[in-house]
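Note: hydrogens, waters and symmetry copies are ignored here, and every other heavy atom, side chains too, is used.
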Amino acid sequence: MKAKRLLAVTLCTAIALTGCSSTGMSTPKSILSKGNTQSAIDDYYRTNYEIFVYSFYDSDGDGIGDLNGIREKLDYLNDGNPKTDSDLGVNGIWLTPVCPSTTYHKYDVTDYCDIDPEFGTMEDYETLVEECHKRGISVTFDFVMNHTSSKHPWFTQAVDYLKTLPEEATEADIDTTACPYAGYYNFSKEAKDGYVNLPGTSWYYEARFWSEMPDTNLDNPALQKEFIEIAKFWLDKGVDGFRLDAVTSYYTGNPEKNIEALTWLNDGIKDYDGNAYIVGEAWTSQSEYASYYASGVDSFFDFAFADKDGIVAKCAKGQISAASFAQALEKEEALYASYNKGYIKLTEAQVTTPATMLPIW
């Protein structure tokens, strides 16, 4: 059994977090079952480190960070010896997307079950996970489900199919038995908000982040099954959990539908591995992302407490009192528990760099 473990991120790179015990939540299993050679922690406290793979460490001199570069620097993160003080003491890492992609940030995935050649091979990834577990370091996979790359075979095949339809065809004429992938995206003959034109046709497709990142249609049962199977694939590769990207954009402006999507995803993952840890990026107000806990997802980045203007920073700067800080903690704990008594609270969270911007480190 994989150990369910808490993860969060503070500003920039290193991340300190706390968790809380929860009614009905089993004691985390030791990750000694994964070959850890040191004493495993026995609670939900973890220090996680986000690694922007592209720029972390280049092992082969091509100017691009890679998986072997991370492995070479594991002693810097955690050397596996609790008696030393020359490492950072990290016991969890979240890797930004590692799947094949057309961009440096890799948030436009072209293949969900492979490693981008710029970063290495699947063998490199498996070796990295194995070496992390030897040091007691959990590995979190960045799961991008809101959109794919426009170069993903799902999308290219859907486009090829649409181009075979007569000019007068509408959404009602799309036959997903002829092309299942045509149902994986949101196509329209109208120029709706958030939609862009499919070049050379009268069709439009939803792509709210970028024209090369077509939004997925998460109402599609076949696509839901695809994403559950993808999660299982990476759990079988040894990952300990998932960071879910852009969960408020699954259905733009529709929190209820976003929660519905998170529920079937969480259920599918937990049915396969009940100890897989899931944290969601719900970049919105605290009152809204609190409601997302109803999905069963373990944690959401606590943006109200994060960044230079968050509650943590305000307390540190003396802009609010320690008593006010404590009251804010008490209030949010009651708020989150009202949606999910088994939630795992993050004391601090990183405001992640938008995918279209360069990392700040």
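- With hydrogens and angles left out, the side-chain atoms of S299 and Y277 include a donor and acceptor closer than 3.5 Å.
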- Task: Take Y184 and E226, measure what side-chain hydrogen bond (donor to acceptor under 3.5 Å, both in side chains) needs, and give me the verdict at the end.
- Result: CA-CA 10 Å; Y184 282 22; E226 292 263 20; 2.9 Å; yes
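- Between Y343 and Y293, the ring center distance clears the sub-6.0 Å criterion.
- Taking the centre of each ring, F209 and H147 come in below the 6.0 Å mark.
- Across every non-hydrogen atom of Y161 and D175, the tightest pair is OH-N, 2.9 Å.
- A side-chain donor-acceptor contact under 3.5 Å links T121 and D124.
- Between the side chains of Y76 and D87, not a single donor N or O lies within less than 3.5 Å of an accepting N or O.
- When side chains are defined from C-beta on, I137 does not count as touching H133, because their heavy atoms never get closer than 4.5 Å.
- Rounded to the nearest 0.5 angstrom, W234 CH2 and T140 OG1 are separated by 13.5 Å.
- For F301 and W94, the ring centers are positioned less than 6.0 Å apart.
- Checking T84 against D79 by side-chain atom types alone, a donor-acceptor pair falls below 3.5 Å.
- A donor-acceptor pair is defined here as one N or O able to donate and one able to accept, closer than 3.5 Å; such a pair exists between the side chain of D273 and the backbone of N275.
- Checking side-chain atoms of D307 against main-chain N and O of G310 turns up no donor-acceptor pair under 3.5 Å.
- A salt bridge does not link K73 with D75: every distance from a Lys NZ or Arg NE/NH1/NH2 to an Asp or Glu carboxylate oxygen is 4.0 Å or more.
- Formation of a donor-acceptor pair under 3.5 Å by the D58 side chain with backbone atoms of D62 is found in this model.
- Smallest separation of non-hydrogen atoms from F325 and C315: CB-SG, 3.9 Å.
- Other residues, nucleotides and ligands place more than 12 heavy atoms under 6.0 Å from the CZ atom of F233.
- Side chains of E212 and S149: no donor on one and acceptor on the other come within 3.5 Å.
- Of the possible polar contacts, none joining the N220 side chain to the N217 backbone as a donor-acceptor pair under 3.5 Å is found.
- In D271, the CG atom is crowded: over 12 heavy atoms of neighbouring residues, nucleotides or ligands sit closer than 6.0 Å.
- Side chain of T216 to backbone of L218: no donor-acceptor contact under 3.5 angstrom is found.
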- Evaluation steps, side chain to side chain contact (heavy atoms under 4.5 Å, CB included), between D215 and N146: CA-CA 6 Å; D215 284 28; N146 175 69; 4.1 Å; yes
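- Side-chain atoms of D302 and Y336 include a donor-acceptor pair closer than 3.5 Å.
- Within the 4.5 Å cutoff, no side-chain heavy atoms of Y251 are placed close to those of E256.
- With a 6.0 Å cutoff to the six-membered ring centre and a 45° limit on the axis angle, K192 counts as a cation-pi contact of Y195.
- You'll find the side chain of M213 stays beyond 4.5 Å of the side chain of T148, heavy atoms only.
- Under a 3.5 Å cut-off, the side chain of D240 and the backbone N or O of S138 do not form any donor-acceptor pair.
- S202 and E167 share a donor-acceptor pair across their side chains, judged by distance under 3.5 Å alone.
- When all heavy atoms of V297 and G280 are compared, the pair lying nearest together is CG1-N, 4.3 Å.
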- Task: Give the C-alpha distance, both sets of side-chain angles, the deciding distance and a yes or no for side chain to side chain contact (heavy atoms under 4.5 Å, CB included) between V247 and M145.
- Result: CA-CA 8 Å; V247 303; M145 199 171 72; over 6 Å; no
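- Counting only N and O atoms by type, the side chains of D236 and Y272 include a donor and acceptor under 3.5 Å apart.
- Residues N197 and W203 have side chains that never bring a donor and an acceptor to within less than 3.5 angstrom of each other.
- Put simply, the side chain of E206 never gets that close to the backbone of N186: no donor and acceptor are under 3.5 Å apart.
- For the 3.5 Å distance criterion, the side chains of S59 and D66 qualify, holding a donor opposite an acceptor.
- For F227 and Y112, the ring centers sit closer than 6.0 Å to each other.
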- Begin with the C-alpha distance, continue with both residues' side-chain angles, and end with the deciding distance and a verdict on side chain to side chain contact (heavy atoms under 4.5 Å, CB included) for I230 and F143. CA-CA 9 Å; I230 290 165; F143 199 2; 3.9 Å; yes
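- No side-chain N or O of E260 forms a donor-acceptor pair with one of Y250 less than 3.5 Å apart.
- One distance of note links OH of Y49 with CG of L95; it measures 12.0 Å at 0.5 Å rounding.
- Proximity of L244 to D142: side-chain heavy atoms (C-beta onward) are nowhere separated by under 4.5 Å.
- Aromatic ring centroids of F52 and H105 lie 6.0 Å or more apart.
- No more than 12 heavy-atom neighbours from other residues, nucleotides or ligands sit within 6.0 angstrom of NZ on K331.
- A salt bridge is absent between E171 and K189; no separation between the charged side-chain nitrogens and carboxylate oxygens falls under 4.0 Å.
- Side chain of R208 to backbone of D193: a donor-acceptor contact under 3.5 angstrom is found.
- Under the 6.0 Å cut-off for aromatic ring centres, Y205 and Y185 do not qualify, their centroids lying 6.0 Å or more apart.
- Cluster membership check: Y204 does not share its hydrophobic cluster with L165, using side-chain heavy-atom separations under 4.5 Å among Ile, Leu, Val, Met, Phe, Trp and Tyr.
- Looking at Y292 and E288, their side chains come closer than 4.5 Å, going by heavy atoms from C-beta outward.
- Residues satisfying the side-chain hydrogen bond (donor to acceptor under 3.5 Å, both in side chains) test with Q319, not counting sequence neighbours, are none.
- Every side chain to side chain contact (heavy atoms under 4.5 Å, CB included) that S101 has, sequence neighbours left out, goes to T103, K106, D108, D116.
- For T110 (side chain) and P100 (main-chain N/O), a donor-acceptor pair under 3.5 Å exists by modelled atom type.
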- Message: Under the criterion side chain to side chain contact (heavy atoms under 4.5 Å, CB included), I'd like the reasoning laid out for W283 against F303: C-alpha separation, chi angles, the key distance, then a yes or no.
- Response: CA-CA 7 Å; W283 206 325; F303 291 115; 4.3 Å; yes
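- Across every non-hydrogen atom of I278 and K270, the tightest pair is CD1-CE, 3.9 Å.
- Residues S291 and I259 are in side-chain contact: their nearest non-hydrogen atoms beyond the backbone lie under 4.5 Å apart.
- Nearest heavy atom pair, residue P97 against residue F119, reads O-CE1, 3.4 Å.
- Heavy-atom minimum distance, L235 versus A276: CD2-CB, 3.9 Å.
- Looking at E229 and K225, no side-chain N of the basic residue comes within less than 4.0 Å of a carboxylate O on the acidic one, giving no salt bridge.
- T252 and S249 share no side-chain donor-acceptor pair at under 3.5 Å.
- R71 contributes no side-chain N or O that, together with a main-chain N or O of L128, makes up a donor-acceptor pair within less than 3.5 Å.
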